[in-house]
Structure formats: structure tokens, C-alpha cells
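So that the names make sense, note that chain A is the first sequence line, chain B the second, and so on, each numbered from 1. Since the model is a prediction, treat every value here as computed from it, not as a measurement.
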Amino acid sequence: MKIKDTLHLGHTNFPMRGSLPKTEPTREKQWEDDHLYEKRLDLNKNKAHFNLHDGPPYANGNIHIGHAMNKISKDIIVRYKNMTGYNAPYVPGWDTHGLPIEQQLTKAGYDRKSMSKADWRRLAHDYALKQVEMQKRDFKRLGVLGEWDNPYLTLNPEFEAAQVRVFGAMAGKGYIYRGLKPVYWSWSSESALAEAEVEYHDLESTSLFYANRVKDGKGVLDNDTYLVVWTTTPFTITASRGITVGPNFDYVLVKPKGQTSKYVVAKALLEENAARFGWKEPEVLATYKGIDLDKITVEHPWDKNITELVMNADHVTLDSGTGLVHTAPGFGEDDYNVGMKYGLPIDMTVDSKGYLMKSAGSDFEGKFYDDVVPLVIEKLKKAGLWLATEKIKHSYPFDWRTKKPIIWRAVPQWFVSIEPFRKEILDQIKDVKFYPDWGEVRLYNMIKDRGDWVISRQRVWGVPLPIFYAEDGTPIVDEKLIDHVADLFAKHGSTYWFEHTAKELLPDGYTNEHSPNGKFTKEEDIMDVWFDSGSSWSGVMQERSYLDYPADVYLEGADQFRGWFNSNIITSVAVNGIAPYKSVIAQGFVFDDKGQKMSKSLGNIISPNDVANQMGTEIVRLWVMSIDSSQDVHVSKDILKQVSESYRKIRNTMRFLLANTEDFDPKKNSVAFSDREPIDKWMTADFNQFIKDWHEKMGRYDFYDLFKQLINFVSNDLSAFYLDVAKDIVYIDEADSSERRSMQTVFYEISVKLTKLLTPFLPHTAEELWENLKEPEAYAYLSEAPRFEKLADADNLLKDWDYFFKFRDLVNKELENAREKTLIGKNAEAALQVTLTEKQMEVFDHLQLDIRKLLMVSQLKETKGQETKVEVTHASGQVDPRDRLYHDDIGADTKFPMFSKKNAEIVEHDFPDLTSEQLED
RNA sequence: GGACUAUUAGCUCAGCUGGUUAGAGCGCUGUGUUGAUAACGCAGAGGUCCCAGGUCCGAGUCCUGGAUGGUCCA
């Protein structure tokens with residue numbers, strides 16, 4: 001038998017390295033097979049509810065690190081709540097309608113025009129479900145627990161029905177109205193396009209400069225004055241209803257030599273325009289600011305019945321043209337915005353195929369928009385208003401599929417008017433708790449400033465707008481009818497709308513005064529997907545009996561102030577007058593370590609599932625814990641490497657605790673707090689404080705603060721001090737000595753409690769630890785988180801110990817000096833002569849500290865003095881091969897002459913039959 | 001251009017109501033151990049606190065302006 005074997009070195013099956021990529025999936029499967037999620041909730045049946053409502057990711061594409069951060073953060077919170085006295089279900093969701101899915105179908109070679117809307121929707125439906133399955137698999141691989149078998153999908157009939165009812169309720173309150181708004185319009189495919197379906201190419205266009213005769217100069221300009229404008233889209237002059245100027249720009253009133261007319265152009269552009277128009281020596285008669293010209297009116301170039309209004313807006317530039325822009329609110333976004341502000345009508349003069357309509361005037365009716373340039377010029381010349389024609393080459397939007405140019409064109413759209421309940425929303429925002437707190441200001445300002453919500457989309461894959469039209473074209477927006485449609489959707493899904501006629505969708509025997517012949521049509525547009533997810537408080541939280549409305553918390557990226565946080569509170573306040581959430585957590589975005597966006601071309605993409613398969617999901621999770629996610633965060637291979645170092649530190653420290661409680665039976669060997677050794681009392685109190693801080697920080701969702709606390713605790717309190725000192729007791733002492741059991745009690749307590757605290761963050765590792773503990777629950781996750789305990793005099797205890805730690809720093813420095821002088825190697829070779837102040841003496845005595853042991857030196861003498869001093873010499877005597885300390889009494893025991901007296905006694909006690917001859921080095 | 005936000009050691013982060021030589025962990029360097037060993041201990045070197053003004057006896061911390069980055073709008 002070796003001397004080493006007389007020690008209690010401890011063993012554990014918990015390996016130093018986790019082989020995480022291999023073991024994690026097995027564990028996840030086990031959780032699923034064992035219904036761990038359900039079991040936990042079952043334990044919490046009668047507890048207070050805590051609802052984190054999942055914001056639905058879009059069901060398209062692989063998950064990225066941002067998704068991982070989001071889902072892991074949620075899982076941490078949900079798991080934590082479930083372990084601290086709450087019933088916290090987690091229902092994951094997906095956003096499954098919308099344009100990107102339609103685009104994917106197109107990319108895959110399907111042609112929307114060659115099939116019915118219903119068939120197209122079936123393809124989209126199947127595609128979405130496949131994406132959901134893929135993403136679900138990847139989310140589960142992150143260790144996230146939830147109701148994966150029964151997630152919420154915005155395409156589910158019950159969700160669609162709830163959404164339609166939300167719409168109905170808003171309609172019932174009169175918040176839904178129809179208006180015109182310009183969109184990208186492709187005449188070649190006869191449809192509206194989204195930004196993503198537009199590509200830009202160079203195009204040569206004809207630009208025109210012409211004059212507008214002043215009608216009412218408001219005392220600033222007289223009737224013989226002309227405002228000079230330019231346009232690159234001559235056909236839109238048919239719908240011109242105003243002229244926009246820049247409020248702070250200087251405009252000059254000029255009279256060219258030999259002319260009686262006066263013209264207004266931007267001062268900065270006078271020279272180039274004078275040259276362009278052939279004006280000779282233009283005389284400047286006056287200068288105005290744009291704002292001075294506000295609300296002056298001019299005549300339409302050829303339609304005397306139309307008066308145009310001069311308006312001010314910031315989109316006007318002095319790059320080119322005249323500084324005055326002809327404005328047709330139906331033909332451009334800027335035009336629309338300024339037109340709305342000034343209350344202009346939105347007149348449309350072009351049909352869906354790009355041909356001018358009767359509203360453009362009889363001369364134009366039936367002509368293709370791009371063919372009317374000569375006619376426009378002719379009319380301008382006839383009116384004496386034409387000034388110049390130029391060809392310009394510019395970047396112009398094209399239909400990505402037909403490769404034909406597109407135009408802006410106002411089409412009928414459905415809107416939610418915000419104004420009637422804006423104040424109510426703002427009041428509700430004040431009652432929501434935001435993390436971080438500036439979220440409140442941000443959401444508040446957004447709601448305060450936002451315009452009405454355009455909810456129609458000229459698309460196919462979405463929830464239909466449940467609106468009918470009577471024979472005379474009157475839209476029928478009726479809550480009762482909408483509820484009827486909702487019932488149909490609940491039963492058949494919303495594709496039903498496209499498979500049936502208006503008549504079939506209406507209740508039997510429905511009549512309307514606007515349809516004397518009983519004929520009806522239905523709206524073909526669908527709802528904005530933000531209305532889908534924006535109704536989730538109803539479609540999920542209200543729909544499912546075990547969830548609550550309003551939810552306790554929403555957690556998403558800060559972009560959702562414009563998105564989901566926004567749409568949810570609008571619909572919720574509109575219908576019920578309350579915010580759908582009590583608190584909101586906003587997170588930043590993920591960039592690489594240089595602050596750059598992740599992109600394929602930069603090669604800096606960190607895919608969560610790659611990391612999971614190479615390093616382990618635990619590393620991703622610990623990364624999430626380590627970052628301040630309330631701001632933008634960074635991730636890279638190097639950062640993850642650093643995180644995995646931290647992981648190893650945590651893992652190894654826990655492993656040490658497990659190994660050294662191998663022979664400890666918590667039921668039989670536990671030592672009560674009051675009976676513990678001084679150092680163990682300190683450790684107990686210190687860890688108890690750790691638990692208190694932990695819960696406080698969790699309450700603020702400060703994960704990164706917890707991470708620091710954890711690493712500091714593990715590195716400093718445990719590894720560098722307590723466990724280091726502990727070795728001389730746990731290894732050396734008699735197996736059942738009270739000192740050793742006292743320490744093991746603390747070891748075991750920390751292993752159990754720290755494992756529990758880690759479970760929300762590192763669930764795989766926690767469960768692996770749990771298998772090596774002696775606790776009754778089958779899973780760490782089925783246990784309850786530890787609580788702060790009242791310990792007698794703990795605060796003073798911790799304060800007093802600070803005297804020792806300061807003293808220890810000093811000793812460590814002196815020992816290091818001695819080491820450098822090769823006076824000693826390890827601490828055990830040292831003997832210390834220390835001078836302590838009276839205060840130190842008093843505190844150390846009071847705490848009953850064995851300073852020699854705590855400093856791990858062989859010998860120590862202390863004297864009292866004015867100031868603290870430490871002197872290091874080499875220890876005297878010989879080394880005891882068992883505890884490796886120097887002793888002056890080696891050989892004192894005749895039975896084991898190689899040992900000191902103390903070690904000989906221990907061996908005799910623990911191994912009564914052993915003789916010295918049986919021992920070897 | 002607007003709303004909100006960030007910028008402290010190589011990395012991840014602390015620095016409360018302004019007050020002595022700006023901190024932690026990791027990493028790095030050196031070193032000790034070899035009974036936590038692809039582990040553990042000890043020590044050390046790293047910072048013009050984004051820049052420029054200002055207030056103050058005194059500013060990383062307050063004010064003003066600017067630079068750079070981010071999200072969402074326009």
C-alpha cells in the first residue's frame with residue numbers, strides 16, 4: 001500500500017471534459033422522452049403564473065446567432081421562474097405568413113399566375129410548416145424547453161380566427177378605414193411590389209421644365225408670376241396637385257430681359273436654369289424663403305378646374321432641377337406624405353396596366369403612360385408654359401421578374417387610424433416596466449409620432465381582410481359579418497376565403513341596401529403580417545386557457561419597438577384598452593468582434609448550431625449569460641474560446657466538489673451551521689450572500705452581472721482560496737473527523753445549490769452534475785432553487801474575514817518574494833514570523849482562525865506589533881510524506897516513524913490493521 | 001435629417017449621488033506545484049477612461065460641441 005492511499009483523495013465519474021457535442025443531444029432527447037417540461041409545470045400546478053409570451057420568429061431560413069440569443073434568454077428566464085415558485089409555461093410561436101415565403105416559392109420555380117390563389121396558398125402553407133420544423137429542431141438543440149409539440153403558428157385556424165376577431169373589434173369601434181396610398185406598382189405584372197422585389201437599373205427618361213402660373217399669390221406674388229418646376233415623370237402632371245419647396249431654401253423672383261413674366265426658382269439654381277431656358281440677364285426682383293411661399297396657389301398647366309397648392313417639405317433638394325417640385329400625391333411616397341399633411345386629394349390617373357384613365361383628361365385617356373411625353377410637351381407649349389426638355393439617365397426601379405420599369409401608383413388600402421386611441425396607448429406605455437428603462441421613451445416617441453397603420457397588402461399569402469363590397473362598390477365593414485368570417489376560418493382556415501364566393505362567405509340570407517340584387521364581392525387584399533403577430537395576445541395568450549393576458553414579459557430585439565412591441569400594444573389597446581404586456585425586455589444586435597455585421601462575404605458568421613456541434617450548446621448559452629444583451633453584443637471564435645475557458649473553470653471546480661464528497665452522506669454526515677469550523681462558516685455565509693445577490697440580479701434580468709459574480713465566486717472564493725486550503729483537511733484528516741465532515745457539508749451544499757442556480761443557464765451541465773449528487777429529485781430542473789437563509793451574525797462574520805483576506809494578500813506577496821529568491825518552492829516549505837496589529841489579533845482570535853492552516857505554511861509564529869509584518873524563512877524539521885508539511889516531530893510515533901505524530905494517529909485510526917512495513921512511497 | 005442608444009486594459013465587463021496611485025475575470029508573461037494534472041496556486045505586465053472645450057479646489061463620473069458604431073424611421 002502506498003502512503004498516498006492513506007489519504008482521502010476522492011474520485012468522481014464526472015469527467016473533466018464534457019464532450020458536450022456528443023452528450024448534449026442525448027440529454028435533450030432524454031428530457032423530451034421523460035416529458036421534463038410537462039413534469040416541471042405539473043409540480044407548479046398551483047403556483048402563481050408567470051407568462052413569457054414568445055415573439056414569433058419568421059418561418060424562413062436557418063436560425064442565426066441572434067435567434068439563439070433570443071431563445072436562450074427566454075429559456076433562462078422561464079426555467080428560473082419555474083424553479084423559484086412560479087408556474088411559467090413557454091409556448092413557442094412562428095410567424096408563418098408573408099412575402100418572403102411567397103418569394104421562396106417563386107425562387108423554387110412556382111408561378112403564381114399559373115395557379116389559383118388557393119393552390120398558391122397551399123404551397124406556401126406547406127413550405128412554412130417545413131421551415132417551422134427545421135427551425136424547431138435547431139431551437140431544441142439549444143436546450144430550450146417548451147411546448148414544442150403544440151406551438152402557436154399564425155397560420156393555425158384558431159389563430160387566424162382570433163386575429164380576424166381582433167380586426168372585427170377594431171372595425172366595430174370605427175378604427176378601420178379605406179384610403180388611397182401609393183405603392184410600387186408593376187404594370188407589367190399588374191401587381192404591387194415590395195421593396196425586396198424591386199431592382200434598380202439605369203434608365204433614360206425625359207425630364208421637363210415648365211412654369212406654373214400663380215393663381216393666388218397671398219400678397220407675396222402677383223398673377224403674372226410663374227413657379228418653375230421640373231419632373232422626370234411627365235405623365236404624372238395629369239395628377240399634379242401641388243408644388244413642394246424646401247422651407248429654408250432661398251428662392252428668387254426674376255425677370256429675364258425682354259420678358260414681361262416673372263419666374264421663381266431656387267437661388268442656388270438660378271444660373272444653371274437661366275442658361276437652360278435661355279434667359280438673358282435675369283433681374284432679381286426679390287428673394288424669399290421657401291416658407292414664405294407656403295400655401296400660395298397656382299393653376300394646373302392645362303386643367304383650369306384644378307388649383308395646385310405650394311407646400312413645404314424637407315425632401316426637396318438643390319442637387320438638380322429648380323428647387324421646386326411638382327407634386328402628385330398618388331404617384332410617390334414623398335408626394336403622398338406632403339400631400340397628406342396639407343390635405344390634398346389623392347387622385348389617380350393611371351390604371352393597373354399603366355394606361356391613363358379618363359381622370360387624366362380626354363386627350364390622355366387610353367394612352368400608355370410612357371407614350372404621352374410628346375403630348376404633355378405639346379400641351380405645355382400650347383399653354384405657353386414649356387421651358388425645356390432634357391434627357392436624363394438615372395437609376396430607376398424595375399420589376400425584378402419582368403425586368404420592366406415600374407411606377408408609383410396609389411391603390412386603395414385599408415388603414416388603422418391611430419389617433420382615436422393614441423393617448424390611451426401612451427398612457428398604457430407608462431405603466432409598462434422596460435428593461436432597459438429607456439425602452440419606454442423609445443416606444444412612447446414612436447407611438448406619439450406614428451401615422452396611421454396601412455394594413456392591406458396586395459398579396460396572397462396571409463390572412464384575408466374580411467371585408468365585402470356591395471353592388472355599388474360600398475365596402476361593408478361590419479363586426480358581425482367579420483365574426484361570421486372568423487367562425488368560418490376557425491373551422492376551415494383562412495384559405496377558405498379564396499375558395500368561396502362572397503355569397504358563400506356571407507351568412508345565409510344576408511341583405512344590404514347597397515346590393516338590391518343581392519350581389520356581393522369580397523376584398524382580395526390580405527393583412528399586413530404585423531397584424532398577424534400583432535394579434536398574438538389574443539391568438540395565443542387569450543386563446544389558451546392556461547396562459548394569461550396581459551403577459552408578464554415580452555423579450556425581443558430592439559428592432560421590435562417598431563415591430564411586435566408596437567403592433568401588439570396597438571391592437572390590444574384598441575380592443576381592450578390595456579397593454580398586452582406588463583414588462584418588456586429589449587435586446588441589442590449581434591456583431592462580430594470588430595463590430596461588423598455578420599455576412600458570408602466577410603466570413604465572420606457564427607452559426608449557433610455549428611458552435612453547438614463543435615463546442616457545445618452550453619458554450620453558446622454561457623456566451624449569452626456573459627454579455628450585456630441590453631446593448632449590441634459581439635461574438636467571434638475568439639470570444640467563444642474565452643467563454644469556453646470560463647466553462648471549463650466552472651466545470652472543473654464543480655468536479656472537485658463532487659470528487660471530495662464521494663464518501664459524504666448528506667443525511668448522516670451533515671454538520672449544522674453553528675457547529676462548523678470557522679472557515680466553513682465563512683464559506684457558508686459567503687455563499688449565502690452569493691445566493692441573495694443572484695436572485696436580486698435575476699430579478700433585473702442582469703445575466704452578465706450574474707456571470708461576473710459566478711466567475712469571481714468560482715475563481716476567487718472557491719478555487720483560489722477555500723478549495724486550496726480545504727485539501728489539507730479533506731485529504732489528510734481522519735475520514736470521519738468533525739473538521740472534515742464540516743467541510744464536506746459545505747462542499748456538498750455548494751454543489752447542490754450551485755447546480756440548481758446554474759440549471760437555467762447551463763441545463764445540460766447541471767443535469768450531468770445532478771446525476772452525481774445524492775438528491776431525491778430525478779432532475780435538477782425538478783428541484784427548487786436555493787433561497788437566502790438567515791445565518792447568525794453572518795454580516796459581521798464576513799466583514800471580519802476581510803481583515804484576514806487583506807493580510808493574506810500581503811503574505812502571498814512575501815511568499816512570492818521568497819520563491820523568487822529560491823528560499824522556498826511551495827508554501828509548505830515556508831515558516832512565517834508574522835507581526836499582527838492589535839485589531840488583527842483581536843479579530844483573528846474572535847474568529848478562531850488557524851492562520852497557519854489558512855495560509856498553507858508549515859510553521860507560523862505570531863507576535864503583536866504596531867504594524868503588520870511578514871517574514872519568511874525555510875521551515876524547520878522534516879517533511880511528512882503524508883501531508884507534505886514540515887514537522888519537528890517526525891518519528892515521534894514508533895509504529896509509523898516516517899510520519900509526524902498527528903499523521904501517525906490519523907493513519908492508526910483510519911487503518912487500524914496497517915503496519916509501517918506495508919507502506920511504501 | 002429625426003427618435004433611442006453605445007464608446008473604460010488584447011477580450012467580456014465593474015466603476016452609486018464628481019474626491020486619494022481607475023477595478024474584476026479571462027487571456028498574456030514569469031513562477032511554484034505534480035495528491036483537481038490536457039488541472040491547480042502565486043506574482044507581474046497591460047489603460048491619453050473616443051476627441052475638444054467648459055463648470056469646479058477637484059471629472060471616467062456633470063454641461064456643451066464633435067467623431068465613430070448600432071437599431072428604427074424619414
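No N or O donor and acceptor, one from the side chain of A:Ser715 and one from the base of B:A24, sit under 3.5 Å apart. Checked by distance alone, A:Glu820 brings no side-chain donor or acceptor within 3.5 Å of a matching partner on the base of B:G32.
Of the two residues contacting RNA chain B, namely A:Ala720 and A:Ala558, the nearest-nucleotide position lying further toward the 5' end is that of A:Ala720. Each of A:Phe721 and A:Pro881 was assigned the nucleotide of RNA chain B with the nearest heavy atom; the assignment lying further toward the 5' end belongs to A:Pro881.
Remark: A:Phe687 engages A:Phe690, A:Phe713 in a ring-ring contact (aromatic ring centres under 6.0 Å, His included) (not counting sequence neighbours). Applying the ring-ring contact (aromatic ring centres under 6.0 Å, His included) rule to A:Tyr701 yields the partners A:Tyr435; only residues at least two apart in sequence or on another chain are considered. With sequence neighbours excluded, the residues that form a ring-ring contact (aromatic ring centres under 6.0 Å, His included) with A:His695 are A:Tyr80. Applying the salt bridge (charged side-chain N to carboxylate O under 4.0 Å, His left out) test to A:Glu768 and every residue at least two apart in sequence or in another chain returns A:Arg651. Shown here are the side chain to side chain contact (heavy atoms under 4.5 Å, CB included) partners of A:Gln631, two or more places apart in sequence or in another chain: A:Asp628. Among residues two or more places apart in sequence or in another chain, the side chain to side chain donor-acceptor pair (under 3.5 Å) test is passed with A:Asn568 by A:Tyr554.
Using a 4.0 Å heavy-atom distance criterion, A:Pro15 is classed as making no nucleic acid contact. Using a 4.0 Å heavy-atom criterion, one finds that A:Lys448 contacts no nucleic acid atom at all. Within the nucleic acid shown, A:Lys597 comes within 4.0 Å of sugar-phosphate atoms alone, with no base atom in reach, counting heavy atoms only. Contact annotation for A:Ile732: base contact, defined as any heavy-atom pair under 4.0 Å involving a base atom. As judged by a 4.0 angstrom heavy-atom cut-off over every strand, A:Asn716 is placed among residues touching the sugar-phosphate backbone only. Residue-level contact check: A:Lys826 touches the backbone only, with heavy atoms under 4.0 Å from sugar-phosphate atoms and none from bases. Among the heavy atoms of the strands lying under 4.0 Å from A:Tyr731 are primed sugar atoms or P, OP1, OP2 only; no base atom is included. As judged by a 4.0 angstrom heavy-atom cut-off over every strand, A:Leu815 is placed among residues making no nucleic acid contact. Heavy atoms of A:Arg450 sit nowhere under 4.0 angstrom from any nucleic acid atom. Heavy atoms of A:Ser636 sit nowhere under 4.0 angstrom from any nucleic acid atom.
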Test log, rule side chain to side chain contact (heavy atoms under 4.5 Å, CB included), inputs A:Met1 and A:Phe911:
CA-CA 11 Å; A:Met1 186 168 177; A:Phe911 305 91; 3.7 Å; yes

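For B:U12 and B:C50, the P atoms lie 15 Å apart once the distance is rounded to whole Å. Nucleotides B:A24 and B:U71, compared at atom C1', are 30 Å apart to the nearest Å. Of the P atoms belonging to B:A43 and B:G23, the separation is 16 Å, rounded to the nearest Å. Using P as the reference atom, B:G2 and B:G65 are 12 Å apart when rounded to the nearest Å. Taking atom C1' on both nucleotides, B:C57 is separated from B:G18 by 12 Å, rounded to a whole Å. Separation of the C1' atoms belonging to B:U61 and B:C72 is 30 Å when rounded to the nearest angstrom. Nucleotides B:G10 and B:G46 have their C1' atoms positioned 9 Å apart, rounded to a whole Å. For the P atom pair drawn from B:C51 and B:A38, the interatomic distance equals 46 Å after rounding to whole Å.
Ion pairing of A:Lys430 with A:Asp427 is present here, as a side-chain N (NZ or NE/NH1/NH2) and a carboxylate O approach within less than 4.0 Å.
When distances run from any side-chain atom of A:Lys727 to the nucleotides B:U31, B:G70, B:C40, the shortest one goes to B:C40.
The ring-ring contact (aromatic ring centres under 6.0 Å, His included) contacts involving residues 626-652 of chain A comprise nothing, where partners must be two or more places apart or lie in separate chains. A salt bridge (Lys or Arg N to Asp or Glu O under 4.0 Å) check over residues 655-664 of chain A, counting only residues at least two apart or in different chains, returns the pairs A:Asp663-A:Arg740, A:Asp663-A:Arg741.
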Polar-atom pairs under 3.5 Å, protein N or O versus N or O of nucleotides 8-12 of chain B: list them with distances, or write none.
{"from": "B:C11", "atom 1": "O2'", "to": "A:Gln642", "atom 2": "OE1", "distance (Å)": "2.8"}
{"from": "B:C11", "atom 1": "O2", "to": "A:Gln642", "atom 2": "OE1", "distance (Å)": "3.1"}
{"from": "B:C11", "atom 1": "O2", "to": "A:Gln642", "atom 2": "NE2", "distance (Å)": "3.0"}
{"from": "B:U12", "atom 1": "OP1", "to": "A:His634", "atom 2": "ND1", "distance (Å)": "3.4"}
{"from": "B:U12", "atom 1": "O2'", "to": "A:Ser626", "atom 2": "O", "distance (Å)": "2.8"}

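Less than 4.0 Å separates RNA chain B from at least one heavy atom of each of the following residues of residues 647-661 of chain A: A:Arg648, A:Lys649, A:Asn652, A:Thr653, A:Arg655, A:Phe656. Within residues 434-446 of chain A, the residues that place at least one heavy atom under 4.0 Å from RNA chain B are, in residue-number order, A:Trp438, A:Val441, A:Arg442, A:Asn445, A:Met446.
Following rounding to the nearest Å, A:Asp559 (CG) and B:G70 (P) show an atom-to-atom distance of 15 Å. As a whole-Å value, the separation of A:Phe589 CZ from B:U5 C1' is 12 Å. Rounded to whole Å, the distance from CE on A:Met16 to P on B:G35 is 13 Å. The CD atom of A:Glu556 sits 15 Å away from the C1' atom of B:C72 (whole-angstrom rounding). For the pair A:Asp717 CG and B:A24 P, the computed distance is 14 Å after rounding to whole Å. To the nearest angstrom, C1' of B:U71 lies 13 Å from CD of A:Gln631. Nucleotide B:C72 holds its P atom 10 Å from the CH2 atom of A:Trp530, rounded to whole Å. If you measure from atom CE of A:Met856 to atom C1' of B:G35, you get 14 Å, rounded to the nearest angstrom.
More than 12 non-hydrogen atoms from other residues, nucleotides or ligands lie less than 6.0 angstrom from CG of A:Asp809.
When only modelled atom types and interatomic distance are considered, A:Asp880 and A:Tyr886 share no side-chain donor-acceptor pair under 3.5 Å.
Taking all atoms of both residues into account, the shortest heavy-atom contact from A:Pro329 to A:Pro182 is O-CG, 3.4 Å.
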For Watson-Crick and G-U wobble pairs within 3.5 Å on both distances, what is RNA chain B written in dot-bracket notation, | included for inter-strand pairing?
(((((((..((((.....[...)))).(((((.......))))).....(((((..]....)))))))))))).

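No side-chain heavy atom of A:Lys826 sits under 4.5 Å from any side-chain heavy atom of A:Leu815.
Using cut-offs of 30° and 60° for the angle between ring planes, the A:Phe761 and A:Phe703 rings count as perpendicular.
Taken to the nearest 0.5 Å, the CG atom of A:Leu622 stands 6.5 Å off from the CE atom of A:Met625. Residue A:Lys727 holds its NZ atom at 11.0 Å from CZ of A:Arg884, rounded to the nearest 0.5 Å.
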